[in-house]
Each structure stands twice: as structure tokens, then as C-alpha cells.
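Notes for the one structure printed next.
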2 protein chains.
Amino acid sequence: MSQQRNGQAAGAPDGAGFPDLPEATVARLPEYLRALHHLAETGFDTVSSEGLAAAAGVNSAKLRKDLSHLGSYGTRGVGYDVALLIAQIEHVLGLTQRRTVALVGVGNLGHALAGYGGFGTRGFRIAALFDADPGRVGEQINGLPVHDIRRLPEVVAAEAISIAVIATPAEAAQQVADQLVAAGVTSILNFAPCVLSVPDGVDVRKVDLAVELQILSFHEHRKSALTTLPSHPANGRVKIRPALNGEALAT
Amino acid sequence: MSQQRNGQAAGAPDGAGFPDLPEATVARLPEYLRALHHLAETGFDTVSSEGLAAAAGVNSAKLRKDLSHLGSYGTRGVGYDVALLIAQIEHVLGLTQRRTVALVGVGNLGHALAGYGGFGTRGFRIAALFDADPGRVGEQINGLPVHDIRRLPEVVAAEAISIAVIATPAEAAQQVADQLVAAGVTSILNFAPCVLSVPDGVDVRKVDLAVELQILSFHEHRKSALTTLPSHPANGRVKIRPALNGEALAT
DNA sequence: AGGCGTTTGTGAACGTACGCACAAACTCAC
DNA sequence: GTGAGTTTGTGCGTACGTTCACAAACGCCT
Ligand SMILES: NC(=O)c1ccc[n+]([C@@H]2O[C@H](COP(=O)([O-])OP(=O)(O)OC[C@H]3O[C@@H](n4cnc5c(N)ncnc54)[C@H](O)[C@@H]3O)[C@@H](O)[C@H]2O)c1
Ligand SMILES: NC(=O)c1ccc[n+]([C@@H]2O[C@H](COP(=O)([O-])OP(=O)(O)OC[C@H]3O[C@@H](n4cnc5c(N)ncnc54)[C@H](O)[C@@H]3O)[C@@H](O)[C@H]2O)c1
């Protein structure tokens, strides 16, 4: 499910397609990992699929199948060794060494991200900040200096950065993405509300707050439609009334 | 697909299940809407499925099927009327009147969200801010006062708020969610890295930045494994090496 | 050592989603 | 009015994801 993905994405690199880990499973592993860390802190040494599933907010059968994909070692009649499972998942996700991340666009949102302390515990280190505004370059945030965007290639190479976060306005995002790719970045997390086009081999994930709210709005709309007309709704199926021509239409 | 969903979510409210819009389609409509607005600003009156699909970053067949679900009016040989399609999608998403949103937790991230101007153009209005910290209550952000969290029921009722955003630390999130539900909120967007448990009929979507980065990390890991061993990879399939017992294990 | 309760791992059935490919529907030019 | 070119809407095959349900595996108690 997920997000933007271009052409034949990484995961099926050549013709002889190999399935390896299902994408849906990959998307859930981080959630399992978070739940496991929480359990470990709470003093658990082992956990059953039922328990972990509850902590991660999923079905236990799904959890077991997900874990079985990574050849996991649970013990029947007992459950999973929490510490071992953490190590396994971190290994699969490539978190055994902390990954360095670049953040481009230190505005409203970028400031919040740069100042966020929660990355360290999840396997990442923000290694560099960039902006195009000369007034912002040189500023220090959380002990990190803001670099001019033109120093991107240099710093990306020096810090061995492979992941970048874009927090610039949408108009600048494509240009920034191009610069990032040129500098050698191969994974991008995009907060700007626009589609990025990147070469094959580069992964893009997008987070758009308004999209999330609009999805919620849809369900909200649905709920209220149901409670307003409690009985005999036509034939038991909610029909979408087509908007009349010109209705709410910005001519 | 997407995110946390509890029990039988809204969308299949009673026994006589009705399919209506596929969830995957709902998740893409906001992206189409954004692309359409962009096209409208650029001066387009009509757009082909091919063109709109490119602007939204999806396959054109998928786009057509999605639009066909809402009984959409395209014209063969021509394409879709941009303004009409915007009105249709906004209608389906329940955006015909602007929805009011509450934001709880005006810290690092909350400040950025409260100061963000991009909501208005996407159908939402942040109608109220809340925090538990007495030092923050009373502060004004973007002309909006920060209310004490205890005034939640009162303000939610007065402003007819049905959607809320949680931007508090994870430890407080469940408690805040309970208060929101008690106050009548039925949709929650959660930025705290934790699972929320809510009654049936309440929708929760979660945004976790670290999860997104970890998914990127997985693909990054995969890519480097492939380029490091360029030839004969065992049997053409990447095997996940199980972590040895105790390896990288915090005993 | 053996039996019992527990929990994993997975085969199989089901449901959803994707994308191709094509007929039907439409415009426009002449 | 007719034919050529374009584009929608959708039927269909395939792939993917989810869930059930159960046998095999394990610990523990006696
Ligand atoms: N603020 C939020 O809460 C929020 C929420 C959702 C989405 N977004 C999106 O995130 C992005 C950033 O939002 P914001 O509120 O921080 O905007 P902002 O205007 O406050 O910050 C943008 C920053 O990017 C910098 N920038 C512009 N062009 C650049 C370039 N070419 N190279 C490098 N840096 C450049 C600017 O100098 C500025 O510092 C926007 O696309 C916005 O739509 C923001
Ligand atoms: N800052 C980021 O960039 C970022 C990124 C990803 C996720 N997050 C998550 O978002 C959440 C907020 O992050 P932050 O950096 O803004 O934290 P923060 O500590 O800066 O802000 C949290 C705010 O919540 C308020 N709060 C605490 N308990 C409350 C309660 N019971 N009711 C109402 N308000 C309460 C606090 O007073 C504070 O103002 C955290 O869960 C964090 O993990 C933040």
C-alpha cells in the first residue's frame, strides 16, 4: 500500500522476478519493532504472537505470517524472544548501523523535524540540514548548522548520506529531488504535496497531511450520511449522489 | 494499504455489507484532487485520463477505474472536465463544506502544524488548539488561542469539530484519544508513535515519520546488498541471513 | 517418560487490487 | 453524413494480501 512508486521499483530488480519480502510485510515490520522495544522496556523477555499483535494493532495470524517470511525463530508453546526478534527485524530493515539522513528545507516543518529527538532511538541520525534561503544558512538548530543547498554533493559524500527528507515548498521539491539524486541520494521522504519524478533505483515515499485528513473526511461524510438517514436507505446500499452540473463549481 | 483500523471499521457499518468505494480508491482520490487543482490553476479545462494519471503519479487504467467507481462523467474522445471532476471528488470526500479540525499538543510539531497555511486550500480549518501545559495555554499561534485540554468538550461542541490531530508525546496519546472520543470526535490523525485503541465507529489514521524512514532503510539495505554482490547471488534470489544468536543483542 | 496445554508456522480459501486490452462512444474535419 | 482518430469505461486474467484453521513442536508437570 502504500505510496508513490515509480516504474519497477527496487525489490524486483531484474527480469527473473523474486518476491522476497511482501511489501505489505515490510510496511508493518517497523510497527512490530516499535512494539517490541516497548515490551523490552516494560520487562518482557518473551512475547506470544497474540500479545505482540495486540501491541502492534494487528491480527495475530498476520503477524505470524509476516514473521515467518523472515525465517524467524519463535518457540512453539512459548512465543518469541523479544531481544532476538528485535535484532532480527533491525537486521532485515538494515538498521544494524545507524543511517544518516539529510533534511532539505528548514522552514516551519523542517525546524520541527530537525529538533525532533525521536530519530536516534529508531535508527537514524540527522546528519545535515540544507536550505536555499541565505538568511537561514549558517543558523544552528540542535547543534547542527544549516548548509547552503549548493554544498549538497560535498556534504552527502562526506557523511555517506543515502536518505533525504524534503520539507520545502512544492514548487521547489522537484528541483531539490533532482539535486539530491545527482548527489547520490537513493531514498527520499517527501513532505511537499506534489509528485516527484525520479530515475529507477530511487525510492520515494510521500507524506501528505492533507491527504490523511481528506481520507478521514470521507469516512466522516459516510458516517453522517448513515446516521442522518437511519432507515430504508434506497436498497441497503449507499448511493453516491452525483453533483449536479455546476454545483459548487468555481467557474 | 494503509494504517491502523480497528475491528469492523466504518465503511461496512452493519451486517448487510456494502462495498461502495474500495478503500484503495478512497486513498487515491485526494491525490487526484490535488493534481486537478493544479491543472485548473494552470489553465486546463479538460484533461485526459493519461494526463491526469501522470500528474497524480499513477497508472491511467487505475485512474479510470477509480473514477468509474464514483459514476464519473468523462467524455470519450475528449477526457474529463476539470472543474466538474473537482466538484465530484470534493463531494464524495465530504469537502463541500470546510471541515473544522482540532489540534492537541502544541509542542515542536504542533507549532509547525498550527502555523501551516496549506490546510485552507485543501478543505480544512484548524478551529482550535489544545495543550495540557499551563505555560502554553493562552499563547496565540497564527491568531488562534491555545486552550486548556480540559475545555475540550465545550470547544468541540461549539465549533462542531469531528476531526482531531494528536501531536502529544506517545505516553499521553491514549489518554488524549479517550478525551477526544468522549467529547464527540469520531476521526483522529495520530502523530504519536503508539497504537491507539478506540471504540468502533471512530477512525484512526497514523503518521509515523520513523516508520517511513525505516521502510526506506529496508530498500536501501536491499539495494546495497545487490550492488555489493553483483553476480551469481546464490540462486537468483536474495536470501535473508538470519542474525546469529546474540548478535547485536542488548542483553 | 509420557501426556497435556500452549503456541508457532503454514496450507488453503477467500477477497481485494492491479493492469491489459478492447469495444463503445464521442469529436472533428471534410 | 461519414470516416478517421481519440479516449473512456470495463471485462478478465493475474498477483497480492488476509484470514481461518490445524498439525507439528515445544515446555512443563507428574
Ligand atoms: N508546516 C506544516 O505543518 C506542513 C504540514 C504538511 C505539509 N507541509 C509541507 O511541507 C513543506 C514545507 O512546509 P513549511 O511550512 O515548512 O514551509 P516553509 O515555507 O516554512 O519552509 C520551506 C523552507 O524551504 C526552503 N527552500 C525553498 N526552496 C528551496 C530550495 N530550492 N532548496 C532548499 N530549500 C528551499 C525555504 O527557504 C524555507 O526555509 C511544504 O511543501 C508544505 O506544503 C508542511
Ligand atoms: N517533532 C517532530 O518532528 C516529530 C516527528 C515525528 C513524530 N513526532 C511525534 O509527535 C509528537 C509530538 O512531538 P513534539 O516534538 O511536538 O513533542 P513536544 O514535547 O515538543 O510537544 C508535545 C506537546 O504536547 C503537550 N502535551 C503533553 N501531554 C498532553 C496532554 N495530556 N494533553 C494535551 N497536551 C499534552 C505538551 O505540553 C507539549 O506541548 C510526539 O509523539 C512525537 O513522537 C514528532
Side-chain angles (χ1 to χ4, degrees), chain A residues 1-9 11-12 16-29 31-32 44-54 56-82 84-85 88 240 242, chain B residues 1-9 11-12 17-29 31-32 44-82 84-85 88 240 242:
Chain A
M1 119 167 284
S2 345
Q3 305 279 355
Q4 187 187 38
R5 191 44 69 69
N6 49 304
Q8 58 176 49
F18 71 92
D20 219 22
L21 275 190
E23 192 59 33
T25 296
V26 173
R28 282 187 294 264
L29 289 181
E31 200 58 36
Y32 301 157
F44 283 83
D45 288 334
T46 65
V47 65
S48 69
S49 65
E50 203 71 44
L52 181 52
V58 301
N59 179 308
S60 71
K62 184 149 62 179
L63 173 87
R64 286 199 297 276
K65 183 150 289 187
D66 282 342
L67 294 185
S68 78
H69 282 125
L70 34 103
S72 156
Y73 291 14
T75 313
R76 297 174 186 223
V78 176
Y80 300 89
D81 182 301
V82 172
L84 180 63
L85 200 48
Q88 289 261 13
I240 295 172
Chain B
M1 173 174 344
S2 337
Q3 305 281 356
Q4 187 187 38
R5 189 49 63 71
N6 49 303
Q8 61 176 49
F18 71 90
D20 220 20
L21 278 189
E23 192 59 32
T25 295
V26 173
R28 281 187 294 265
L29 288 181
E31 200 59 35
Y32 301 156
F44 283 84
D45 288 334
T46 65
V47 65
S48 69
S49 65
E50 203 70 46
L52 181 52
V58 301
N59 177 308
S60 71
K62 185 150 60 181
L63 172 87
R64 286 199 298 277
K65 185 154 291 186
D66 282 342
L67 294 185
S68 78
H69 281 125
L70 33 103
S72 157
Y73 290 14
T75 313
R76 298 174 186 222
V78 176
Y80 299 89
D81 182 300
V82 172
L84 179 63
L85 199 48
Q88 288 262 12
I240 295 171

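So that the names make sense, note that chain A is the first sequence line, chain B the second, and so on, each numbered from 1.
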- prompt: Is there a side-chain polar atom (N or O) of B:Y80 under 4.0 Å from OP1 or OP2 of D:dG9?
  reply: yes
statement: From the candidates C:dA17, D:dG17, D:dT8, the one with an atom nearest any side-chain atom of A:A24 is D:dG17
message: Run the side-chain contact (heavy atoms from CB on, under 4.5 Å) test on A:L70 and A:L29 for me, step by step, so that the C-alpha distance in whole Å, both residues' side-chain angles and the decisive distance to 0.1 Å come before the verdict.
response: CA-CA 10 Å; A:L70 34 103; A:L29 289 181; 3.8 Å; yes
field: Gap between atoms CG and P, on B:D20 and C:dA17 respectively (whole Å)
entry: 13 Å
query: From B:E31 CD over to B:L63 CG, what is the distance, rounded to the nearest 0.5 angstrom?
result: 11.5 Å
query: Between C:dA17 atom P and B:E23 atom CD, what is the distance in whole Å?
result: 8 Å
message: Looking at B:K65, I'd like to know whether one of its side-chain N or O atoms comes within less than 4.0 Å of OP1 or OP2 on D:dT10.
response: no
- request: Let me know the distance between CD of A:E50 and P of D:dC20, rounded to the nearest Å.
  value: 11 Å
Euclidean distance, atom CG of residue A:L67 to atom C1' of D:dT19 [Å, nearest integer]: 16 Å
Nucleotide D:dT10, atom P - distance to NE2 of B:H69 in whole Å: 9 Å
field: Spacing of B:L84 atom CG and B:D45 atom CG [to the nearest 0.5 Å]
entry: 12.0 Å
query: What heavy-atom pair brings A:S60 and A:S49 nearest, and what distance separates the two atoms?
result: CB-O, 4.0 Å
query: Do A:T75 and A:T46 have side-chain heavy atoms sitting under 4.5 Å apart?
result: no
query: So, is B:N59 near the phosphate of C:dC20, with a side-chain N or O under 4.0 Å from OP1 or OP2?
result: yes
message: Between B:V58 and B:Y32, is the side-chain contact (heavy atoms from CB on, under 4.5 Å) condition met? List the steps.
response: CA-CA 9 Å; B:V58 301; B:Y32 301 156; 3.9 Å; yes
task: Output the distance between atom CZ (B:R64) and atom CG (B:N59), rounded to the nearest 0.5 Å.
output: 8.0 Å
message: To the nearest 0.5 Å, what is the distance between CZ on B:R28 and NZ on B:K65?
response: 11.0 Å
query: Just how far, in rounded Å, is P of D:dT7 from NZ of B:K62?
result: 21 Å
- request: Summarise how protein sits on nucleotides 22-30 of chain D as a single string, 5' to 3': B when a protein heavy atom is under 4.0 Å from the base, S for sugar-phosphate-only contact, - for no contact.
  value: --BBBS---
query: What does the inter-axis angle of the helix from C:dA1-D:dT30 to C:dC30-D:dG1 come out as, five pairs per end, nearest 10 degrees?
result: 10°
- prompt: What is the distance from CG of B:L70 to P of D:dT10, rounded to the nearest Å?
  reply: 12 Å
message: Need to verify one output field. Residue with the more 5' nearest nucleotide on DNA chain D, B:S68 or A:R28?
response: B:S68
query: Can you tell me how far P of C:dT16 sits from CG of B:D66, to the nearest Å?
result: 16 Å
field: Closest contact, heavy atoms only, B:Y80 versus B:S48
entry: CD1-C, 4.5 Å
